[in-house]
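This is a predicted model, so every value here is computed, not measured. Counting from 1, the numbers follow the sequence of the chain as shown.
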Amino acid sequence: MVEAGGVAAERLKSFIERIERLEEEKAALAADIREVYSEAKGAGFDTKIMRQVVRLRKMDETDRQEQETLLDVYKQALGLLG
């Protein structure tokens with residue numbers, strides 16, 4: 001293995017190439033996700049709300065409940081609740 005300045009060049013190149021491939025896959029997935037949101041929008045769904053739902057579904061139940069409770073407290077403090 002060739003060393004340049006104490007760095008194993010081939011191993012470094014391998015890591016960089018893997019990262020580049022993953023970045024390409026990530027970009028392709030992001031394009032696919034945008035396409036799904038576009039399709040949903042075309043079907044009449046609100047994509048902003050869909051993004052919020054996706055974010056909420058990723059959260060732990062306890063964290064989600066805590067966030068919803070805090071949001072209600074803030075809304076009540078600002079007179080946004082009935």
request  = Enter the distance from Glu68:CD to Asp63:CG here, rounded to the nearest 0.5 Å.
outcome  = 11.0 Å
message = Using every non-hydrogen atom in the two residues, find where Leu81 and Asp72 come nearest and quote the distance to one decimal.
response = CD1-O, 3.6 Å
key: Thr69 (side chain) donor-acceptor with Gln65 (main chain) under 3.5 angstrom   = yes
note = In terms of heavy-atom contacts, Leu56 and Gln67 come closest through CD2-OE1, 3.9 Å
query = To the nearest 0.5 Å, what is the distance between OH (Tyr74) and CG (Leu70)?
reply = 4.5 Å
inquiry  = Quick check on Gln76: does its CD atom have over 12 non-hydrogen neighbours (other residues, nucleotides or ligands) under 6.0 Å away?
reply    = no
task = Using a 4.5 Å cut-off on heavy atoms from C-beta on, say whether the side chain of Asp32 contacts that of Val36.
result = no
remark   = Nearest heavy-atom contact between Thr62 and Asp60 is N-OD2, 3.0 Å
key: Between CZ on residue Arg64 and NZ on residue Lys58, distance to nearest 0.5 Å   = 13.5 Å
Nearest-0.5 Å distance that lies between atom CD in Glu24 and atom CD1 in Ile19 = 12.5 Å
message = Check this for me: Glu35, atom CD, are more than 12 non-hydrogen atoms of other residues, nucleotides or ligands nearer than 6.0 Å?
response = no
message = Would you say CZ of Arg55 has more than 12 non-hydrogen atoms from neighbouring residues, nucleotides or ligands within 6.0 angstrom?
response = yes
Interatomic distance, Arg21 atom CZ to Arg18 atom CZ [nearest 0.5 angstrom] = 7.5 Å
query = Between atom NZ of Lys75 and atom CG of Leu71, what is the distance when rounded to the nearest 0.5 Å?
reply = 5.0 Å
inquiry  = Closer than 4.0 angstrom, basic N to acidic O: yes or no for Glu10 and Lys13?
reply    = no
inquiry  = For Glu66, is the CD atom crowded, meaning more than 12 foreign heavy atoms sit under 6.0 Å from it?
reply    = no
ask   = If Ile, Leu, Val, Met, Phe, Trp and Tyr residues are connected whenever their side-chain heavy atoms lie under 4.5 Å apart, and connections chain through other members, are Phe45 and Val54 in the same group?
value = yes
ask   = Closest approach of Thr47 and Tyr37, non-hydrogen atoms and distance?
value = CG2-O, 3.3 Å
